[in-house]
Amino acid sequence: MTGVARVFSGIQPSGGMHLGNLLGALRNWVAYQHEHDAVYCVVDLHALTTAPDPDELRDNTLAAAAMLLSVGIDPDRSTLFVQSSVSEHAELAWMMECTVGFGELRRMTQFKDKSDRSEFVSAGLFTYPALQASDILLYDTDLVPVGDDQRQHIELCRDIAERFNRRYGDTFTVPAHVIPTAGARVMDLQNPADKMSKSLESAGTVGVLEESESVTRKFKRAVTDSENEVRYDPGTKPGVSNLLGILASATGRTPESVADDYAQYGPLKADTADAVNELLSPIRERYAELSSDPGEIARVLATGADKARTVAAATLERARTNAGLIPRSPA
Ligand code: AMP
Ligand code: TRP
């Protein structure tokens, strides 16, 4: 594909998606499919690192695919598939594990956070970034649209690609991350020191499929501070700055310019809730339509996996040959 950049990104099928996923990543995914060769993946093998219930994992995988279609991923303009359907991901991941350093993995902040919070820490949770590098490098990816929390993983992926290329000769394209200027880090509405995450029952997280009244209520109750000045200053005013960041991202402005429009917290909260509901309501409608047609989702994913496999198989073959693995069957 000369001249057209390849874009790749992935999302875990771990329950419902939230506003952070949408503003930090998915909106860029939708935008990229128009001008680039976009490949998007529901990363169910990554979800296995924390041993989800099998029925839940199955349901969440299909729900994540339905959600991606609902936010506007168009299977005629991009490739959408489930990671475990393309076995090349797991196979290249082994080669990535043999290329990344133990010390490099140990420095990953996502691993530190997740392992601190879990009783059982799987080896897969530790080598998670190697599988992520495999996802990205299999598609000769130029650009990886993600939220800010993935910056470190993408930088490690670049280091892995460069090390492999030095060891074995030119094999992989070295990718770059793309992180939005507003919305890259949507914080929890109740605890703005933490990023918004997938505990949808929480008053601090806004689900993409949440009822509009509930969304409005959560914004109304969002934590601010004891001053009454609307100013964008994430260090000293994290709650207010989070609201400004969300409203800016939802309306395509900068948080600083949005701040100029408000003198009080009440109207800022109300307008942020309205802007978010405007963004979410068409997504909720499409999701309801799609959920009544699971056959269509399965068909889209099967076609996507076939397309993905063709690209992935060629890259894996190149990596195998360059690393000195003999052909699978005599040529
Ligand atoms: P995950 O849900 O962890 O698989 O993340 C999917 C995508 O959403 C990744 O690109 C993340 O960087 C992005 N993301 C997750 N949480 C947030 C957040 N609170 N703010 C912005 N982006 C996020
Ligand atoms: N680790 C990413 C997350 O938690 C998900 C992911 C897996 C991903 N493989 C990827 C993101 C490849 C970008 C590219 O959000």
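Small disclaimer: the values here were computed from a predicted structure and weren't measured. We count ligands from 1, going down the list as the structure has it; atoms in each ligand are counted the same way.
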With a 4.0 Å cut-off on N to O distance, would you call [X] and [Y] a salt bridge?
X	Y	answer
Arg320	Glu91	yes
Lys195	Asp113	no
Glu155	Arg107	no

For [atom], what is the closest protein heavy atom, and at what distance to 0.1 Å?
atom	value
atom 16 (N) of ligand 1	His18 CE1, 3.4 Å
atom 5 (C) of ligand 2	Gly10 O, 3.6 Å
atom 8 (C) of ligand 2	Gln132 NE2, 3.5 Å
atom 9 (N) of ligand 2	Asp135 OD2, 2.7 Å
atom 19 (N) of ligand 1	Val186 O, 2.8 Å
atom 14 (N) of ligand 1	Asn21 ND2, 3.8 Å
atom 11 (C) of ligand 1	Asp149 OD1, 3.2 Å
atom 21 (C) of ligand 1	Ala184 O, 3.0 Å

So, regarding Gly20 and ligand 1 (criterion: nitrogen or oxygen to nitrogen or oxygen, under 3.5 Å), is there a contact or not? yes
Below 3.5 Å, N or O to N or O, backbone or side chain included: is there any such pair between Tyr128 and ligand 2? yes
May I ask you to check whether Ser9 has an N/O atom sitting below 3.5 Å from an N/O atom of ligand 2?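 No, there is no polar N/O contact under 3.5 Å.
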For ligand 1, which atoms sit closer than 4.0 Å to a heavy atom of [X]?
X	value
Arg185	20 (N), 21 (C)
Ala25	7 (C), 8 (O), 10 (O)
Val146	10 (O)
Gln150	12 (O)

Which ligand 2 atoms are under 4.0 Å away from a heavy-atom of [X]?
X	value
Val144	13 (C), 14 (C)
Val43	7 (C), 9 (N)
Gln150	1 (N), 2 (C), 3 (C), 4 (O), 15 (O)
Ile136	12 (C), 14 (C)

Between CG on residue Asp170 and CG on residue Asn165, distance to nearest 0.5 Å: 5.0 Å
Inter-residue atom distance Ser202.OG - Asn191.CG, 0.5 Å rounding: 9.0 Å
Specify side chain, backbone, both or neither for [X], according to which of its non-hydrogen atoms lie closer than 4.0 Å to ligand 1.
X	value
Met187	neither
Gln12	both
Ser14	neither

Between [X] and [Y] (side chain of the first, backbone of the second, donor and acceptor by atom type, cut-off under 3.5 Å), is there such a pair?
X	Y	answer
Asn242	Met187	yes
Lys269	Ala222	yes
Arg158	Pro175	yes
Tyr40	Ser78	no

Does only the side chain of Asp149 get under 4.0 Å from ligand 2, or the backbone, or both, or neither? Count heavy atoms. neither
Under 4.0 Å from ligand 2, counting heavy atoms only, is it the side chain of Val146, its backbone, both or neither? side chain
Can you confirm whether the side chains of Gln83 and Asp135 place a donor and an acceptor under 3.5 Å from each other?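 There is such a pair (donor and acceptor under 3.5 Å, judged by atom type) between the side chains of Gln83 and Asp135.
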Can you confirm whether the side chains of Thr61 and Asp44 place a donor and an acceptor under 3.5 Å from each other? no
Check whether any side-chain heavy atom of [X] sits under 4.5 Å from a side-chain heavy atom of [Y], and report yes or no.
X	Y	result
Gln132	Val144	no
Arg163	Glu104	yes
Val71	Met17	no

Any chance CG of Asp233 has more than 12 other-residue heavy atoms, nucleotides or ligands included, within less than 6.0 Å? yes
Does even one non-hydrogen atom of Lys198 get within less than 4.0 Å of ligand 1? yes
Does the residue Gly183 have a heavy-atom contact with ligand 1, meaning some pair of atoms that are separated by less than 4.0 Å?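 True for this residue.
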If the plane angle is over 60° it's perpendicular, under 30° parallel, otherwise tilted; pick one for Phe126 and Phe111. perpendicular
For atom 9 (C) of ligand 1, which of Pro180, Gly24, Ser197, Gly147 has the closest heavy atom? Gly147
Closer than 4.0 Å: a protein non-hydrogen atom to atom 3 (O) of ligand 1: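 So far as the 4.0 Å threshold goes, atom 3 (O) of ligand 1 is out of reach of every protein heavy atom.
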